[in-house]
2 protein chains.
Amino acid sequence: MNLKQLSELLGLSQTTVSRALNGYPEVNEATRERVLQAVKETGYRPNKAAQRLATGKAGSIGLVMPTAPGHQSDVHFGEFLAGLGEEAVRHDFHFVIMPADPDDEVAALRRLAISGNVDALFVAYMRGHDPRLPMLKSLSIPYVVHGRSFGSEPDYPYLDIDNEGAFYDATRLLLQLGHTRFALMNGPMHLDFAIRRKNGVVAALAERGLALEEDCVSHALMTDEQGLLAMEQFLQLPERPTAILCSSTVLALGAIRAVNQAGLRLGEDISLIAHDDVLPLLKPENFSVPLTTTRSSLRAAGARIAQRLIGTVKQAGPFPDQELWKTELIVRASTGPVPQI
Amino acid sequence: MNLKQLSELLGLSQTTVSRALNGYPEVNEATRERVLQAVKETGYRPNKAAQRLATGKAGSIGLVMPTAPGHQSDVHFGEFLAGLGEEAVRHDFHFVIMPADPDDEVAALRRLAISGNVDALFVAYMRGHDPRLPMLKSLSIPYVVHGRSFGSEPDYPYLDIDNEGAFYDATRLLLQLGHTRFALMNGPMHLDFAIRRKNGVVAALAERGLALEEDCVSHALMTDEQGLLAMEQFLQLPERPTAILCSSTVLALGAIRAVNQAGLRLGEDISLIAHDDVLPLLKPENFSVPLTTTRSSLRAAGARIAQRLIGTVKQAGPFPDQELWKTELIVRASTGPVPQI
DNA sequence: TACATAATTGAAAGCGCTTTGGATGCCCCG
DNA sequence: CGGGGCATCCAAAGCGCTTTCAATTATGTA
């Protein structure tokens, strides 16, 4: 059933039927009723491809999903998508997800943008000097970046959390508790948030004349396995750190295992603060020793970005181009005063 | 830059350019070269919407993502998507994800199918007598179901794991270890896999003349919180179960916390077997007491389903309509002989 | 009553691509 | 030397929708 058939059935022109369906005012209410009724009876649905071709609007936002046979799927991805979806469903928007080899992201994003398949793009996993940025600027499709790109002029639309501030605050708390030996379990070094978090730690330490030693920093994928390995390394250092900053609750999971296996007590021998993306799976308050965290909801960020993206496409008022969300520092039991030796 | 412009630039007809691009044989090799060269220089990309309208092929597979403000995002979803993506990227397929309120899934799926936006559908989270099945059958779009629907004639294309067999085997192992008091921590009761897993347990117990008491079964969302709660319930029963079957490693996470909090030792006082979907985040071998599991990779299932879906769309040979994957029973340290009292 | 104005409806022209059904020119063979 | 066969190429007709421009009818006013 297509528009033509439907309009013939009703004895109307395609024009009128189309207008009736799309809520244009210049159509008689009685006629509109008749059309709506017929739609209900026939189950007619407009062909999206045709609609898109005619209007240029796709009703969809596009994103690239890095994927490859060996590639760890990212727990955060699902949660973020849920946030996007929460908002998208209200506007009858959908997502076009282009899976792409992590090495091919720039090209994949480009293909997606030019395909005409999407109205707007969402971009994440930002790196320093991210090459996608100049490419996006040269295109004329709206986009919002989740995160930022260190080293690039911040003149692109983004939503980010204050990573530097979060880790600065966390470090200060630990300093106030008397800790002096710090370690940082970070995400992959090339990612923007990792750079900023490290800067936050370094800045807070510097205020006390302390430095962050190279062997007290790990950069790794955010899995619990890597957390375990990194913590094991830290625990073997001659000057074992007593304060750990951790870029994810997932890393913390492994780290805590290492702490336990070493016979140490979390919150007493070792203090740990992790960044919490509010993954439903891993609630810091549910850890056997509840975790002190810097918190910012990934899901909320997703919803907000969807709102901006969709709003822009629908030309619903201007949105702030740059947003920087503060994180909350929530103190639980994994932090305590530095142990007396 | 569109086809028309490109062809004018080349002094060729749209027909020829289109053919050159799509690999048709009736075009001079020299001409094809010229076209390809021009494409490279101009950066021309065909408009997907137009292509789709003309061919009816979208190069995409569609899925519905249940989502709502309160709705827990499912850890398994991301992993499954990664599996789909792994295969899709090879064929330049993408996904169209329609977020939908969980109560609106049937309608959402229908909209998605009729939209012309997708070539094939993927369907999951099957329930008993699932209403989506008759709807899908009435449409003429290819689809593959992940899981099955208890109570419906199994004449639809699916890929499922042998849930009943998995839990039957797991239960038998525990029986052999001498356990007689069993409990089952299951997923939501209306979901197909939950029904089958329960059946598996019941069947194995029945062979020994044992029954599964009602208060030894929990049905809940598969989060660690629910795992904790369910286990706490079990531990308070007058005849405390010594053998626990668990539908997910996520549930197990919470369950083990409850076990520890009660001062019991996993693998000694309490034996536990969990089903492992091979989530990268939660490796059973990394639990403080490594978990005995029934294993089946969600990611592999995703990849296989994508393969079938894309293969069907591309008419690349016939695929088996029904596939039932066996699970592996992997014994680790969370199971042991029944404790002597 | 006559005419300007508002309310409805339609015909037809795209949107950018694929594909059918010819054309055109060239080579080869009888 | 004429026509069949082949290699190339093209004009134009859709695919199913939106939207411009124009036509028709109903309404109101002087």
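Because the structure is a prediction, the values reported are computed rather than measured. The chains referred to below are lettered A, B, ... by the order of the sequence lines, with proteins before strands, and numbering in each begins at 1.
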**Student:** Taking 4.0 Å as the cut-off, does a side-chain nitrogen or oxygen of B:Asn2 come that near to OP1 or OP2 on C:dG16?
**Tutor:** yes
**Student:** In whole angstroms, how far is the P atom of C:dG14 from the CZ atom of A:Arg52?
**Tutor:**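 Interatomic distance, CZ of A:Arg52 to P of C:dG14: 23 Å.
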**Student:** Would you mind telling me which residue lines up with the more 5' stretch of DNA chain D, B:Ala50 or B:Glu29, judged by nearest nucleotide?
**Tutor:**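 Counting from the 5' end, the first nearest nucleotide belongs to B:Glu29.
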**Student:** Can you tell me if B:Asn28 touches the phosphate of D:dT8, counting only side-chain N or O atoms and a distance under 4.0 Å to OP1 or OP2?
**Tutor:**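 For D:dT8, OP1/OP2 do have a side-chain N/O of B:Asn28 under 4.0 Å.
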**Student:** Treating A:Arg45 as the side-chain partner and B:Leu112 as the backbone partner, does any N or O pair qualify as donor plus acceptor under 3.5 Å?
**Tutor:**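 Not at all, since once roles are kept as given, no pair shorter than 3.5 Å links the two residues.
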**Student:** Could you please name the option among C:dA11, C:dC17, D:dG16 that lies closest to any side-chain atom of A:Thr15?
**Tutor:** C:dA11
**Student:** Does the pair B:Gln307 and B:Arg304 meet the rule for a side-chain hydrogen bond (donor to acceptor under 3.5 Å, both in side chains), with working shown?
**Tutor:** CA-CA 5 Å; B:Gln307 198 176 52; B:Arg304 172 59 182 167; 2.7 Å; yes
**Student:** State whether A:Ser13 places a side-chain N or O below 4.0 Å from either non-bridging phosphate oxygen (OP1 or OP2) of C:dG10.
**Tutor:** yes
**Student:** Can you measure B:Leu12 atom CG to D:dA7 atom P for me and round it to whole angstrom units?
**Tutor:**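 Going from CG in B:Leu12 over to P in D:dA7 covers 19 Å.
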**Student:** From D:dT18, D:dC15, D:dC9, pick the nucleotide closest to the side chain of B:Leu53?
**Tutor:**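 Given the options D:dT18, D:dC15, D:dC9, the side chain of B:Leu53 is closest to D:dC15.
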**Student:** Between B:Leu3 (CG) and D:dA11 (P), how many Å, whole number?
**Tutor:**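 Distance check: B:Leu3 CG to D:dA11 P gives 14 Å.
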**Student:** Any side-chain N or O of B:Gln14 under 4.0 Å from OP1/OP2 of C:dC17?
**Tutor:**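 The answer is no; no side-chain N or O of B:Gln14 sits under 4.0 Å from OP1 or OP2.
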**Student:** Does A:Thr31 put a side-chain nitrogen or oxygen below 4.0 Å from OP1 or OP2 of C:dT9?
**Tutor:** yes
**Student:** Specify the separation, in whole Å, of atom CG of A:Asn47 and atom C1' of D:dG16.
**Tutor:** 6 Å
**Student:** Please confirm whether any donor atom in the side chain of B:Thr55 sits under 3.5 Å from an acceptor in the base of C:dT19, or the reverse.
**Tutor:** no
**Student:** Would you classify B:Glu26 as touching base, sugar-phosphate or nothing, given that sugar-phosphate means primed atoms plus P, OP1 and OP2, and contacts are heavy atoms under 4.0 Å?
**Tutor:** base
**Student:** Starting at CD1 of A:Ile114 and ending at C1' of C:dG16, how long is that distance when rounded to a whole Å?
**Tutor:** 15 Å
**Student:** Classify B:Ser18 by what it touches in the nucleic acid, base, sugar-phosphate, or nothing, heavy-atom distance under 4.0 Å.
**Tutor:** base
**Student:** If I take atom CG in residue A:Leu10 and atom P in nucleotide C:dT8, what distance separates them, rounded to the nearest angstrom?
**Tutor:** 17 Å
**Student:** Less than 4.5 Å apart, any side-chain heavy atom of B:Arg111 and any of A:His94?
**Tutor:** no
**Student:** Would you mind reading off the distance between A:Leu21 atom CG and D:dG16 atom C1', rounded to a whole angstrom?
**Tutor:**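 For the pair A:Leu21 CG and D:dG16 C1', the rounded distance is 13 Å.
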**Student:** Does A:Arg19 reach a base, just sugar-phosphate, or nothing at all? Heavy atoms under 4.0 Å.
**Tutor:**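 Answer is base: heavy atoms of A:Arg19 come under 4.0 Å of a base.
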**Student:** Hey, does B:Glu79 have a side-chain heavy atom less than 4.5 Å from the side chain of B:Pro280?
**Tutor:** yes
**Student:** Once you round it to whole Å, what is the distance between P of C:dT8 and CZ of A:Arg34?
**Tutor:**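 My rounded result for the distance is 14 Å.
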**Student:** I'd like to check B:Leu81 versus B:Ile97 (side-chain heavy atoms, cut-off strictly below 4.5 Å). Are they in contact?
**Tutor:** yes
**Student:** Does a side-chain N or O from A:Asn22 land closer than 4.0 Å to OP1 or OP2 of D:dT18, or not?
**Tutor:** yes
**Student:** Ignoring backbone atoms, test whether B:Tyr24 places a side-chain nitrogen or oxygen under 4.0 Å from the OP1 or OP2 oxygen of C:dT19.
**Tutor:** yes
**Student:** A:Phe93 vs A:His91 aromatic rings, parallel, tilted or perpendicular, using cut-offs 30° and 60°?
**Tutor:**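 Plane angle over 60°, so perpendicular.
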